[in-house]
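A short worksheet on the structure shown next.
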Amino acid sequence: MMRSVEIFMVALILFSAFAITSYFAVLPSPRDISGLNLRELALSTMETLNMNDDLAKTVFSSTSDPSWGTLQSALSASLPANVVYNLTVYDIVTSADGVVTYSAVKSVSNCEGDLGVDSDASSHVVESSDVTFTATSQKIGEASGRNITLYILNCNDANGWWITGYTAQSLASDLRNLLSPYFRTTILVNSTSQLGLLLDGTALGAERLQDAVVINTFGEAVPIPAGYYATQGYDSGSRSYARYTYILGQRVNTYNWTWVSIVGYPLYYVTNTAVFASTQNSWGIYGMRMTGRDGGEGPAGLNAFLRGLDGQSYSYSSSGITGDIGLVQFTWNASYYSNYYGVYPSPYQTATRALPTSILNTYHLRVLPNSYIFQVKSNYIAGATYNHRDSGITHGSLTAIGLTRTPDIRVTALGLLQYFHPTIYKSELGASGTSRLVVLQLAVQGGA
Amino acid sequence: MKPMTRRSYGKRGQFSVIAALLIAIILVGAVITTYASIRNLPFRDQPKVLSSLEEMELSLKNLLEYAVGYYGSILQVTGNVTYAKALTSSYLQSGFVYISQSNPAWNPSFSVNYLVFSTCWYELSSYSIGNLSVTYSLSGLGVSQVTYQTSSLLKVDVLESFAGQTKVLVTREDGNPDLKLGREGFFFYVYSNSTWSLVNPSADPVVNPDGTYTLQIPPGVDADSYLIKVCDSRGISTTAFFSSSGKPQYTYTFSWNSALYSSLTRDTVIVESLQNGTLRWLGSNLQLSTQGKPIPPIPVRSLRVNQTTNGINRAVPFQVEDWGSSYRVPLGLTSNASLFGDRQMIVFLVNHNVQQTTIWWDGRDTAKQTADAYTNRYFTGDDPDNGILTNGILTLDIGSGFTITSSINGGSISSSTSFLRINNDDPTYGGGQAYVIVNGIVRDIVHQEAEWSGGIPNCPNVYSQLVLTLPANATYYTYTLRTIFITSAQSRTISELSPLQVTSGWAHGTLRSFTENATSGGLPVVGETLAGQNLLFYNFSSPSTGWAHHWSEYVGGTDGAGVMFNDDSNRKLYGFDNIAGQKTGAVSVTKEQRTAWENPNSVYDECGQDWSYPSSNAIDGSTSTSWRHSSTENHWIILDMGQITEISRIQIYQSSTASYRWGQSSGIEVYVSNSTGSWGSAVWTGTLDASGWRETGSFSARGRYIRLYSRSTSSSQRFYEVEVQVAEERVTIEFNPVERYSASFTYALDLAWHGAIVSFTSEPIYPTVGNVGLWVLVESPPVVAVH
């Protein structure tokens with residue numbers, strides 16, 4: 001009897017041990033490790049989705065694009081039935097001081113609310129084709145939210161000077177071909193009356209007048225509209241049109257224009273074939289005259305312009321200020337931007353109409369380091385963009401390229417591009433506007 | 001014993017229970033411990049680490065792919081590979097930073113072991129590739145020193161082109177085919193209006209499992225040669241080039257008129273190859289027997305030029321030039337970082353021995369510019385500071401008023417050319433010429449603007465432009481003379497428009513002047529302008545009868561110079577005929593004669609000379625020095641004119657002292673000969689026995705040497721100075737679109753005349769015997785087939 005009891009007890013003990021062991025000898029639930037698998041699952045799902053570039057295409061499409069629906073369908077089809085997801089696309093925005101922020105663009109999910117703490121996620125950066133197989137220029141002003149208009153003077157009632165081999169109209173055509181890809185709006189100003197409208201503050205169409213770039217293709221001459229500008233622009237005291245260039249300087253200040261002189265001595269002549277029908281420039285070209293006294297003293301034009309730009313009172317001065325400094329060489333910046341934009345004028349040019357550095361102080365001008373096209377030589381600047389500064393703010397700019405005669409418009413283009421430096425390709429992975437972060441968060445339905 | 005046995009049994013039963021308990025405890029303990037470990041030990045985290053490594057390496061792989069695409073995007077803007085690689089490396093580094101910032105908990109760090117970007121584009125088999133080896137650590141996960149290597153390749157092989165279709169093989173790294181491209185992944189380059197645009201095929205491609213795609217070639221694409229760009233889903237692009245030749249090249253096959261060209265030795269001509277496929281020759285387009293081939297936007301550093309000359313193929317010098325305003329304004333040599341575009345032209349030399357010229361390119365991004373594109377072989381003597389350009393054969397001296405004096409090695413007759421005289425008003429050149437290209441590879445270029453102070457009388461509102469080029473190996477320089485008449489509110493009457501005037505200057509002896517005055521059987525019919533004549537060659541200005549004033553020249557012996565211009569410029573010679581309402585355009589040729597007193601070049605020999613009274617005093621230009629020979633004998637002196645000269649009189653300067661006079665009352669004999677060993681009879685004999693300059697009588701003789709013989713044997717006679725009256729001739733050739741009648745107009749007119757100013761010693765524009773000459777360059781240019 002005793003043996004039976006003992007046997008029973010042994011059996012009971014062993015059974016209990018097995019029972020207890022069985023209770024504890026249970027493998028971790030798949031849910032316990034599901035967080036790990038979810039991360040990998042998210043990663044592999046995004047890889048799959050992007051195999052045909054579909055993910056990249058979708059995340060750069062508009063938020064209402066039908067491809068988002070397709071993406072959602074693809075996600076549902078790719079994931080197990082009990083896995084819920086939330087795919088969020090973030091736009092990567094890099095501020096001027098380099099701080100990166102992520103702003104959600106769009107989110108697609110098959111689950112309402114939070115996926116819970118047991119969810120896991122994988123992220124993936126997608127680059128737009130703008131930084132890969134295409135090189136599309138950012139439009140000038142786009143980065144700062146300003147739509148900068150490019151006006152190219154193409155007046156059919158004006159004549160140019162010091163533009164050997166070209167006419168103003170052929171230069172306008174060349175410049176448009178070269179520069180219009182960098183501007184959202186490019187407008188040819190086809191007559192002096194149209195120029196007059198602009199000076200009056202009236203846009204020629206729907207373009208934005210403020211902050212515009214105005215390229216004068218007439219070389220050393222500047223078109224002058226008839227009427228108000230020819231009348232008010234005439235200084236009867238000095239019998240000159242320096243007052244017109246003074247007004248021009250004022251307008252550049254008011255509208256914050258960048259006035260571009262492509263060659264020679266800026267504003268040396270004024271031109272309008274109707275206003276100066278019987279006046280010539282002393283070289284047989286009618287419709288123009290020197291800006292200064294009695295059809296001479298060409299330097300008066302630039303002096304008055306600078307005073308107007310600087311908000312100084314009008315006064316007549318015919319003092320020549322440019323210098324003949326001979327051979328000049330590109331700055332490092334100009335060489336850099338030659339490569340950046342693929343624009344390669346000769347880095348050595350001849351400057352006979354360079355502006356003195358003294359105008360910086362006299363007229364409150366500033367040249368940013370990246371705005372020098374040529375190295376300063378003997379205190380003269382052969383080519384640069386000058387910002388007129390007033391209370392720390394730029395009010396009008398002058399791009400003056402004091403090279404001799406035959407203009408190479410690539411120098412003009414390079415000068416403007418290096419000043420505005422529109423982006424062709426982003427220099428950093430994750431740079432603003434080119435990269436988006438895709439985060440795919442997964443969770444198992446019902447929790448872990 | 002039994003109780004003892006029972007107790008023994010009882011003890012064994014207890015022991016069994018205890019043993020069972022122990023077994024149970026051990027079993028339960030072992031299981032609990034084991035499974036607790038399974039549940040709670042770090043082993044559980046292992047899959048998370050592996051997943052992180054996988055995610056990291058995926059990020060690195062993507063980063064490399066983006067970087068390869070980025071590299072390619074830069075190379076579509078610039079040919080500067082160093083710059084592109086620097087930017088791309090910077091981009092890649094920013095990617096590492098970005099990955100680190102995206103996963104701060106992992107605390108990643110990277111060390112690049114090697115990084116290579118490489119492309120080979122614009123070839124039948126093209127690729128873009130990046131190779132990266134990076135060692136990284138994820139200290140946040142306890143992972144360190146993991147080395148990861150990856151590669152990203154997009155390779156495109158254009159296999160064949162047939163029936164408006166192309167077959168393209170697209171593969172990735174490890175040779176795997178890329179089967180996922182749609183029509184939007186393929187771009188054909190279409191050339192129109194000087195611009196390349198990218199066009200997708202109109203239909204989705206047919207793709208085979210081996211990665212070959214069959215694509216429809218879009219309209220506007222030359223099916224014999226085209227560029228196709230492939231962009232894959234990773235953002236990597238590769239541009240391949242197909243040519244029926246199977247090579248990345250265009251070959252120009254020249255067909256020459258062998259009967260006209262075969263014996264020429266100075267027929268080198270510059271060919272300008274423009275972006276749009278046009279080939280220019282002396283300012284006009286060469287006739288193509290096939291469709292022209294636009295030059296792709298390839299890096300200038302990649303370009304090469306080979307020529308097959310007399311069956312031998314070799315690389316040849318060439319230059320790539322920048323031009324503005326639709327190839328009208330020369331701007332200089334092109335930077336080798338540029339991509340070829342509508343502002344560039346490839347310039348090379350040909351002559352009739354050249355059967356083929358091949359423009360080809362090395363599509364690798366590692367390709368350097370060939371030395372043939374920048375080595376100065378021919379223009380080492382250029383001296384622009386002194387206005388001298390020379391190709392070693394012909395030298396141009398650019399003088400004041402932009403007058404070009406050209407002289408050929410060994411030649412005795414130079415030419416001097418002035419430009420753009422309008423209404424008898426010669427221009428001024430205030431700006432000075434621009435030496436756009438000096439020390440060139442195959443040519444130099446000068447650019448100039450003519451101005452007229454105060455304006456041209458009766459002809460306002462005119463701009464002008466001059467472009468001169470000096471080709472290597474040539475005996476000529478070319479000109480492009482452009483007048484831009486803008487719309488004028490003032491009346492404008494041109495009574496004379498002379499874009500160029502070539503003159504021989506006054507030359508000793510006889511010059512013959514020939515001008516083409518018609519053609520017959522493809523050969524020039526020649527008109528000659530005689531002394532004292534001014535002939536106008538204008539009366540052949542009819543398209544129905546041909547254009548027959550392509551050249552004019554002057555020849556003295558075998559030397560000479562002239563001007564020649566192609567058919568297009570020949571037509572433009574008559575560009576004002578319609579405006580004038582008459583045939584006003586003309587080649588004007590004037591031949592003038594005169595006599596002049598000249599000193600001989602040197603004294604060849606004399607009967608003797610006293611110390612301090614050398615015979616050179618006889619020709620030193622001074623009447624106060626003299627040659628003496630204090631010997632009682634007949635004195636004589638032989639003078640060298642330097643060249644064969646027409647001589648009509650001699651004068652010598654005689655002393656006021658009768659006994660010093662040369663010849664005294666006995667007289668003088670004058671001999672003229674081309675040889676100092678054979679004099680023949682005296683051309684003049686007589687006395688010059690009076691003080692001052694005394695002239696012989698007139699005679700007509702031709703020769704280089706003059707022998708003066710004194711019949712006096714006086715030892716006191718002295719010879720102070722001698723001058724020779726020579727006959728000189730001058731020919732002036734003017735190319736005058738407005739010559740015979742005035743032309744009045746006020747509208748805009750932009751005209752350019754092209755041609756060449758030639759100097760020659762043995763190979764003239766047109767010979768005095770036979771018909772082989774350089775005229776064929778303008779009248780019978782080769783026809784070119786392009787493949």
Side-chain angles (χ1 to χ4, degrees), chain A residues 2-3 6 9-10 13-14 16-17 20-21 24-28 33 36-37 39-40 43 47 51-53 100 122-123 125 127 129 131-135 159 164-167 170 174 273 277 280 282-287 339 341-342 344-346 404-406 408-409 424-425 427-430, chain B residues 10 13 16-17 20-21 24 27-28 31-32 35 38-39 47-48 51 54-55 58 63 66 69-70 72-74 76-78 80 83 90-91 94-95 98 102 180 231 233 235 237 324-325 328-329 331-332 335 337-339 431 434 447 449 451-452 454-456 460-462 465 484 486 489-490:
Chain A
M2 187 61 205
R3 181 172 289 179
E6 287 169 348
M9 288 181 67
V10 167
I13 290 167
L14 290 176
S16 301
I20 294 168
T21 303
F24 284 104
V26 176
L27 284 169
I33 57 168
L36 302 176
N37 290 335
R39 185 183 186 94
E40 192 161 344
L43 183 63
E47 279 189 86
M51 280 185 78
N52 290 328
D53 204 26
V100 179
S122 182
S123 61
V125 176
E127 292 286 280
S129 59
V131 290
T132 53
F133 54 78
T134 61
N159 292 326
T164 307
Y166 300 89
T167 60
S170 69
D174 277 8
T273 53
Q280 59 143 302
S282 79
W283 298 99
I285 305 298
Y286 282 78
N339 285 316
Y341 296 107
Y344 291 99
S346 170
T404 188
R405 289 190 186 243
T406 312
D408 184 345
I409 59 164
I424 291 184
Y425 19 71
S427 58
E428 294 180 351
L429 184 76
Chain B
S16 297
V17 171
L21 279 171
L27 181 63
V28 170
V31 168
I32 291 173
Y35 278 80
I38 290 173
R39 289 185 174 204
K48 183 174 278 186
S51 174
E54 193 177 342
E55 189 167 333
L58 177 64
L63 175 59
Y66 294 143
Y70 185 79
S73 70
I74 299 170
Q76 290 170 59
V77 176
T78 175
N80 187 335
Y83 174 81
S90 175
Y91 177 85
S94 78
Y98 186 81
S102 299
K180 295 171 292 190
C231 303
S233 57
S237 70
S325 193
R328 286 183 294 201
V329 178
L331 297 174
S335 163
S338 290
L339 303 183
H447 191 214
E449 179 180 16
E451 297 171 325
W452 293 266
I456 304 164
N461 298 319
V462 183
Q465 181 197 4
I484 308 167
I486 57 174
Q490 292 72 31

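Chain letters run A, B, ... following the sequence lines, proteins first and then strands; every chain starts at 1. Values in this document were obtained by computation on a predicted structure and should not be read as measured data. Scope of the values below: all heavy atoms of this structure, side chains included, with no hydrogens, waters or symmetry mates.
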Taking all non-hydrogen atoms of both residues, which atom of B/Gln465 and which atom of A/Thr164 are closest, and how far apart?
->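 Result for this residue pair: CG-CG2, 4.4 Å.
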So what's closer than 4.5 Å to chain B heavy atoms on [X]: side chain, backbone, both or neither?
X: A/Ser170; result: side chain
X: A/Thr167; result: side chain
X: A/Thr406; result: side chain

Rounded distance [0.5 Å steps], [atom1] in [X] versus [atom2] in [Y]:
X: A/Ile285; Y: B/Glu451; atom1: CD1; atom2: CD; result: 9.5 Å
X: B/Leu339; Y: A/Tyr344; atom1: CG; atom2: OH; result: 7.5 Å
X: B/Ser325; Y: A/Asp408; atom1: OG; atom2: CG; result: 11.5 Å
X: B/Leu21; Y: A/Met9; atom1: CG; atom2: CE; result: 7.0 Å

Do the side chains of A/Gln280 and B/Pro460 get nearer than 4.5 Å, heavy atoms only?
->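 With C-beta onward as the side chain, the pair stays apart.
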Please rank [options] by heavy-atom pairs under 4.5 Å with chain A and give me the top one.
options: B/Ser338, B/Ala489, B/Gly332; result: B/Ser338
options: B/Gly324, B/Ala337, B/Ser335; result: B/Ala337
options: B/Ile484, B/Val329, B/Ile486, B/Asn461; result: B/Asn461

Between the side chain of B/Glu449 and the main-chain N/O of A/Gly165, is any donor-acceptor distance below 3.5 Å?
->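 Flag not set: sc B/Glu449 to bb A/Gly165 has no pair under 3.5 Å.
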Leading residue by heavy atom contact count with chain B [cutoff under 4.5 Å; candidates A/Thr273, A/Ile409, A/Thr404, A/Asn159] =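 Most heavy-atom pairs within the cutoff with chain B belong to A/Asn159.
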Which bit of B/Val462 comes within less than 4.5 Å of chain A, counting heavy atoms only: side chain, backbone, both or neither?
->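 The answer is the backbone of B/Val462.
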